[in-house]
Trainee: 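Attaching a single structure in structure tokens format; questions to follow.
None of the values given here were measured: they were computed from a predicted structure. Counting starts at 1 for both ligands and their atoms, following the listed order.
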Amino acid sequence: MTTMESLIGLVNRIQRACTMLGDYGGACTMLGDYGGGDNAFSSLWEALPSVAVVGGQSSGKSSVLESIVGRDFLPRGSGIVTRRPLVLQLHKTEEGSQEYAEFLHLPKRRFTDFAAVRKEIQDETDRVTGRTKQISPVPIHLSIYSPNVVNLTLIDLPGLTKVAVEGQPESIVQDIEVMVRTYVEKPNCIILAISPANQDIATSDAIKLAREVDPSGERTFGVLTKLDLMDKGTNALDVLEGRSYRLQHPWVGIVNRSQADINKNVDMIIARRKEREYFATSSDYGHLASKMGSEYLAKLLSKHLESVIRARIPSITSLINKSIDELESEMDHLGRPIAVDAGAQLYTILELCRAFDRIFKEHLEGGRPGGDRIYGVFDHQLPAALRKLPFDRHLSMQNVRKIVSEADGYQPHLIAPEQGYRRLIEGSLNYFRGPAEASVDAVHFVLKELVRKSIGETQELKRFPTLQAEIAAASNEALERFRDESKKTVIRLVDMESSYLTVDFFRRLPQEIEKAGGPGAAAAAAPTGDRYAEGHFRRIGSNVSSYVGMVSDTLRNTIPKAVVYCQVKEAKQSLLNHFYTLLGRKEAKQLSQLLDEDPALMERRQQCSKRLELYKAARDEIDSVSWAR
Ligand SMILES: Nc1nc2c(ncn2[C@@H]2O[C@H](COP(=O)(O)OP(=O)(O)OP(=O)(O)O)[C@@H](O)[C@H]2O)c(=O)[nH]1
């Protein structure tokens, strides 16, 4: 493969890929909804040098293209026939090999019949534009493989026109101009401006447009058709020799088949020969013969296109590299695509769970805030709640008297009211259930809040709203289970205190009574009309109160231990354990449902990854071409 082939072939392949991505020069605005003004995406096409064929109606545009190809294959007819850009990629094949054509939109079909090619161009045009005869910027890609071509890519654009024909909307004149302009405006576009020789060059639509977008004429190739149709005694030497309208590149004169030739179906290869003969024998143009004609034009363009591509390669490469960087970072932001097989999906789900779990742990253990609020429950809320318990009321003299008397029954106690003590203590200890359960709830809410926060902070989960919700639900369910367990445990702690009292405490009591004894004490112990004196009940009340105080101190220490053991430690170690078990039982379909993504996001990533593939393939191709040089 020669350098020339590989360079033009390289650009051809990138162009085809661009079209498949919906990235083509004339339609950048159609991509506007993607990426919010990210121009790198639509500018690869623009960065690629191309040759656009422009000319007014009946200027001979189709004839020039067919002559360059050596085949007639373009739709003919009155009115505006070319209504979509035709990207015509010519590939030279070995002498004697069979000619064929291929459309990008019909990748499996080889056309050897060029009448069928013409039909397909027509049909494919109608497929996109509908029968309304509108125009569309979406190009048709046609590759022609033939020994009779040079490697060259041309873009055939709708002919510039002044009036819409019947059945076509008025706006079409304007639309065509806009579309052609978007192509020829691009600094990398080589303009093949076709004008008929039998018309004043100053009035040529092609030259007018070219002059506007390329005033210095450095990327315009002027082509003059219909030299044979000029009035007798006149010639186009003023134009061809660059005197009437100067361009950087020399003008090329052309003689195409006349309408009569077309009607007679004159073969293109014969027409080429006739054209050569015309110039060779022309008295006016004989001295220019080697630089005239469609075959010369094709070679000239091919060589020029190749040199332009070569010069552009460094900037194309840097554009591609820049785009790849941008796309990679966009992909990182969007997250990588999810695997399709169940095993990989399960792995992904577990990874995401672990990412969440890690953040949750950081909240508990420090590094992230929130875990300290659990200590706040133990250090403030619980002691405050314990202090507020209504023991004053419960152990008031009146209540003590009532409970002790009821416990004694018909016979008042002799020494110490054993039953009365027990009932008073039991009644008091019951009050501890409240603060114990409240501590459990308070810690539960802290944990729940930390789950909520951690879910929000797990960036990786944002992509997967379904999984995110499932993890949140599973975590909260687990927390509920831990809470139930924790409540049972703290209630047990309280019940244990009532079920067996600390005997030592009471063994010390009689001595205290003796110490506090004396005649007053004896009097107090002696039954009165009211059975006992007030002091007696007060003492019982204060004894019970100090016993309850002792228990309160114990519970202030043991409740936090139970809560941490049942809730905090469990949350840290096995928050998602149950969820993992459920995951293990899920079918492939259910797993992929968990990885259901936000559709907009999915679409965006798909676009992004397709582009990334295109750009990477383009980079590889350019690398291989650069090595070949
Ligand atoms: N004698 C002669 N006739 C030509 C030449 N070039 C084009 N024609 C004739 O001019 C007419 C228009 O040529 P086309 O090649 O169809 O021109 P076009 O610019 O593609 O026209 P539209 O597609 O209708 O805009 C046809 O009848 C051609 O035979 C030429 O160099 N010599």
Side-chain angles (χ1 to χ4, degrees), residues 52-86 88 114 118 121-122 125 133 135 140 154-168 172-173 175-177 179-180 191-199 201 203-210 222-232 234-236 239-240 251-268 270-279 282 284-285 288-289 292-298:
V53 188
V54 296
Q57 245 181 331
S58 276
S59 57
K61 218 158 49 73
S62 315
S63 302
V64 171
L65 282 170
E66 290 183 327
S67 184
I68 286 175
V69 175
R71 278 290 194 167
D72 40 10
F73 64 97
L74 289 172
R76 273 203 207 95
S78 58
I80 297 153
V81 179
T82 309
R83 285 178 290 114
R84 286 175 62 182
L86 176 73
L88 185 60
F114 282 77
R118 168 178 296 140
I121 295 175
Q122 260 159 351
T125 299
K133 306 289 177 206
I135 61 165
I140 300 174
L154 298 158
I155 304 169
D156 187 18
L157 295 168
L160 296 162
T161 170
K162 300 260 181 321
V163 280
V165 281
E166 233 188 81
Q168 285 177 323
I172 200 166
V173 174
D175 294 345
I176 290 177
E177 165 136 7
M179 194 209 289
V180 173
I191 306 166
L192 192 63
I194 301 194
S195 317
N198 56 354
Q199 189 193 312
I201 197 71
T203 67
S204 156
D205 295 314
I207 287 299
K208 265 196 268 178
L209 184 59
V223 172
L224 210 54
T225 57
K226 307 194 184 179
L227 288 175
D228 60 318
L229 291 185
M230 291 184 75
D231 290 340
K232 283 243 150 32
T234 62
N235 63 48
V239 176
L240 292 178
W251 281 80
V252 179
I254 297 268
V255 176
N256 290 312
R257 297 183 303 174
S258 65
Q259 190 57 50
D261 293 337
I262 294 174
N263 294 347
K264 275 186 279 169
N265 245 331
V266 171
D267 183 76
M268 291 303 308
I270 292 171
R272 276 187 187 175
R273 200 179 65 223
K274 278 172 80 178
E275 187 188 27
R276 269 201 307 274
E277 280 165 14
Y278 173 88
F279 285 110
S282 161
D284 287 326
Y285 312 116
L288 296 171
M292 294 287 131
S294 43
E295 281 176 282
Y296 173 76
L297 176 65

Trainee: Return yes if some donor-acceptor pair links the side-chain N/O of Ser67 with the main-chain N/O of Ser63 below 3.5 Å, else return no.
Mentor: no
Trainee: Side chains of Val252 and Tyr296, heavy atoms from C-beta outward: is any pair under 4.5 Å?
Mentor: yes
Trainee: Just heavy atoms, cut-off under 4.0 Å: does Asp228 contact ligand 1 by side chain, backbone, both, or neither?
Mentor: side chain
Trainee: Less than 4.0 Å is my threshold; does some heavy atom of Gly55 fall inside it relative to ligand 1?
Mentor: no
Trainee: List the atom of Ile140, the atom of Arg84, and the distance in Å for their closest heavy-atom pair.
Mentor: CG1-CZ, 3.5 Å
Trainee: Which of the numbered atoms in ligand 1 are under 4.0 angstrom from any heavy atom belonging to Val255?
Mentor: 31 (O)
Trainee: May I ask you to identify the nearest protein heavy atom to atom 29 (O) of ligand 1, giving residue, atom name and distance to one decimal place in Å?
Mentor: Arg257 O, 2.9 Å
Trainee: Taking only heavy atoms of Ser258 into account, list the atoms of ligand 1 that are under 4.0 Å away from them.
Mentor: 1 (N), 2 (C), 3 (N), 29 (O)
Trainee: Is there a donor-acceptor pair closer than 3.5 Å between any side-chain N or O of Arg257 and the backbone N or O of Val266?
Mentor: yes
Trainee: Return the closest protein heavy atom for atom 21 (O) of ligand 1 as residue, atom name and distance.
Mentor: Ser58 N, 3.1 Å
Trainee: Would you say the side chain of Ile254 lies within less than 4.5 Å of the side chain of Lys226, judging by non-hydrogen atoms?
Mentor: no
Trainee: Could a heavy atom of Val81 be found less than 4.0 Å from some atom of ligand 1?
Mentor: no
Trainee: Give the residue and atom name of whichever protein heavy atom lies nearest to atom 31 (O) of ligand 1, and the separation in Å to one decimal.
Mentor: Asn256 N, 2.7 Å
Trainee: In terms of residue, atom name and distance, what is the protein heavy atom nearest to atom 11 (C) of ligand 1?
Mentor: Lys226 NZ, 4.2 Å
Trainee: Would you mind checking which non-hydrogen protein atom is closest to atom 27 (O) of ligand 1, with the distance to 0.1 Å?
Mentor: Gln259 OE1, 2.3 Å
Trainee: May I ask you to identify, for Ile262, whether its side chain, its backbone, both or neither come under 4.0 Å of ligand 1 on a heavy-atom basis?
Mentor: side chain
Trainee: Quick one: does Gly159 get within less than 4.0 Å of ligand 1, heavy atoms only?
Mentor: no
Trainee: Using 4.0 Å as the upper bound for N to carboxylate O, is an ion pair formed by Glu66 and Lys61?
Mentor: no
Trainee: Please could you name the atoms of ligand 1 that Gln57 approaches to less than 4.0 Å, counting only its heavy atoms?
Mentor: 25 (O)
Trainee: Can you name the atoms of ligand 1, numbered from 1 with element, that are less than 4.0 Å from a heavy atom of Leu229?
Mentor: 1 (N), 2 (C), 3 (N)
Trainee: May I ask you to test the Leu297-Leu192 pair for a side-chain heavy-atom distance under 4.5 Å?
Mentor: yes
Trainee: Indicate yes or no for a side-chain donor-acceptor contact from Glu275 to the backbone of Val255 under 3.5 Å, with no hydrogens or angles considered.
Mentor: yes
Trainee: Would you say that Val53 contacts Val64 through its side chain, given a criterion of any heavy-atom pair below 4.5 Å between the two side chains?
Mentor: no
Trainee: Going by heavy atoms in the side chains, are Ile155 and Leu157 under 4.5 Å from each other?
Mentor: yes
Trainee: So which protein heavy atom does atom 15 (O) of ligand 1 come closest to, and at what separation?
Mentor: Ser63 OG, 2.4 Å
Trainee: What do you reckon, does Lys61 have a nitrogen or oxygen under 3.5 Å from a nitrogen or oxygen of ligand 1?
Mentor: yes
Trainee: Considering Gly60, Ala197, Ser62, Gly56, which one's heavy-atom position lies nearest to atom 23 (O) of ligand 1?
Mentor: Ser62
Trainee: Do Ser59 and ligand 1 have an N or O pair less than 3.5 Å apart?
Mentor: yes
Trainee: Looking at Gly56 and Asp205, what are the two nearest heavy atoms and their distance?
Mentor: CA-OD2, 3.7 Å
